[in-house]
Amino acid sequence: MTDYQPQKSLVLRFYQDLENAAPQDIGRVLRRHTSPGYAWRGVHPFNELDGSDAVAEVVWQPLWHALGPIQRRQDIFMVGTNEIDGGDWVISMGHLMGLFDKPWLGIPPTGRMAFLRYAEFHRIQDGRLSAGAFFCDIIGFMKQAGLTPLPMQTGAELLVPGPRTHDGLLLGPQDPGEGVQTLALVNRMCDDLVSAEGFQAPSDLLRRTWHESMIWFGPSGIGSTYTIERYQLQHQGPFRAGLSDVVFNGHVCRLAEGNFAGWFGWPNLTMTSSGGFMGLPAHDKRIHMRVVDVYRREGDKLAENWIFIDMLYWLLQQNVDVLDRLRWAR
């Protein structure tokens with residue numbers, strides 16, 4: 001049984017130090033907790049950054065400046081051995097909440113509370129953070145500021161909750177057998193999807209690994225949906241109609257602990273928007289999708305799924321620069 005408590009403690013200390021830091025002190029916090037070769041991936045416009053100073057300057061300082069004081073409100077926290085690279089990774093998911101008093105990425109402030117939905121991955125090596133990935137729902141954040149950057153979505157727009165069971169913070173040791181079972185289930189589900197032509201899994205295939213009352217918490221622009229039937233109607237159907245020649249590229253990190261699992265890819269999928277998707281015109285260009293999935297297993301089926309898509313990057317490949325449009329709109 002692997003003892004993951006040191007890895008959990010390291011990330012929790014990092015989060016506490018980061019939350020308590022003033023914007024000008026964030027660089028020192030990152031240097032204290034990261035390795036010299038710290039490699040970081042994030043959603044557009046951040047993309048790939050090298051070194052803690054770059055991450056502090058480009059990502060965290062502007063966000064802390066705009067939203068401070070920030071609270072990290074975690075819904076899921078877990079650690080495990082990444083079956084892709086064999087390293088120990090920590091996954092955190094929830095919201096960063098603050099007072100949106102100053103502009104961020106060109107988004108005008110509201111003077112009110114704002115929630116930035118996020119999922120974050122940390123690779124732990126020799127007692128430090130050696131690599132990281134940060135996905136957040138910038139489209140959803142823009143909507144809180146009264147902006148409507150995309151056409152009407154097919155699922156529900158809501159402040160995404162954590163697990164129904166309220167047990168996603170795996171702060172203590174877990175039964176390793178539960179994590180093995182969870183990882184086997186999500187891998188079987190992934191294999192089913194990949195084997196289905198164009199990710200067009202029929203109902204009977206979905207029911208092999210999903211509860212009938214599954215909840216799919218999608219990113220803003222697509223939305224959330226409940227039950228297999230509505231998932232197929234409100235997400236899988238539009239996905240099938242709008243996207244073709246979908247290729248699965250694999251994952252960078254994939255792990256499970258207890259009843260929870262998570263993964264991300266860079267990119268996960270490559271596709272053609274041959275029928276148009278999310279209200280965009282059809283085209284024949286090959287485009288990539290960077291995706292995070294976090295899962296909760298209930299018994300022998302998956303009950304909840306939280307999804308993050310680097311939507312700004314996906315749109316940018318189709319010549320839709322959402323942040324540039326903000327600049328022109330002012």
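The analysis underlying the following values was restricted to heavy atoms, covering all of them including side chains, and did not include hydrogens, waters or symmetry mates. What you are looking at is a predicted structure, and each value in this text was computed from that prediction instead of being measured.
A salt bridge is defined here as a Lys NZ or Arg NE, NH1 or NH2 lying under 4.0 Å from an Asp or Glu carboxylate O, and Arg208 with Asp192 meets this definition. Salt bridge status for Glu304 with Arg297: absent, with no side-chain N to carboxylate O gap under 4.0 Å. Checked for salt-bridge contact, Arg254 and Glu83 meet the test: a charged N lies under 4.0 Å from a carboxylate O.
Placement of Ile307 and Leu185 within a single hydrophobic cluster is found when ILVMFWY residues are connected by side-chain heavy-atom separations under 4.5 Å, directly or transitively. Transitive grouping of hydrophobic side chains (ILVMFWY, heavy atoms separated by less than 4.5 Å) keeps Val58 and Leu316 in distinct clusters.
Side-chain contact between Trp314 and His288 is absent, with no heavy-atom pair separated by less than 4.5 Å. In this structure, the side chains of Leu67 and Leu99 stay at 4.5 Å or more apart for every pair of heavy atoms. Here the side chains of Asp88 and Asn82 are not in contact, with every heavy-atom distance at 4.5 Å or above. When side chains are defined from C-beta on, Asp167 counts as touching Phe260, because their heavy atoms get closer than 4.5 Å. The closest side-chain heavy-atom distance from Leu269 to Val247 is not below 4.5 Å.
Among residues at least two apart or in separate chains, there is no side-chain hydrogen bond (donor to acceptor under 3.5 Å, both in side chains) pair with a member in residues 96-116.
Remark: the Gln174 side chain and the Glu178 side chain contain no N/O donor-acceptor pair separated by less than 3.5 Å. Side chains of Arg188 and Thr209: no donor on one and acceptor on the other come within 3.5 Å. At a cut-off of 3.5 Å, with distance as the only test, no side-chain donor of Lys143 or Thr148 sits close to an acceptor on the other residue.
Around CD of Gln16, the count of heavy atoms belonging to other residues, nucleotides or ligands within 6.0 Å does not exceed 12. For CD of Gln5, the number of neighbouring non-hydrogen atoms (other residues, nucleotides, ligands) closer than 6.0 Å is greater than 12.
Relative ring orientation between Phe77 and Tyr15 is described as perpendicular, the plane-to-plane angle rising above 60° on a 0-90° scale split at 30° and 60°. In this pair, Phe134 and Tyr118 present their aromatic rings parallel. The plane angle is below 30°, not in the 30 to 60° band.
Scanning for salt bridge (charged side-chain N to carboxylate O under 4.0 Å, His left out) contacts around Glu212 gives Arg207, with sequence neighbours left out. Here Glu298 pairs with Arg296 under the salt bridge (charged side-chain N to carboxylate O under 4.0 Å, His left out) rule; sequence neighbours left out.
Taking the six-membered ring where the residue is Trp, the centroids of Trp306 and Tyr295 are separated by 6.0 Å or more.
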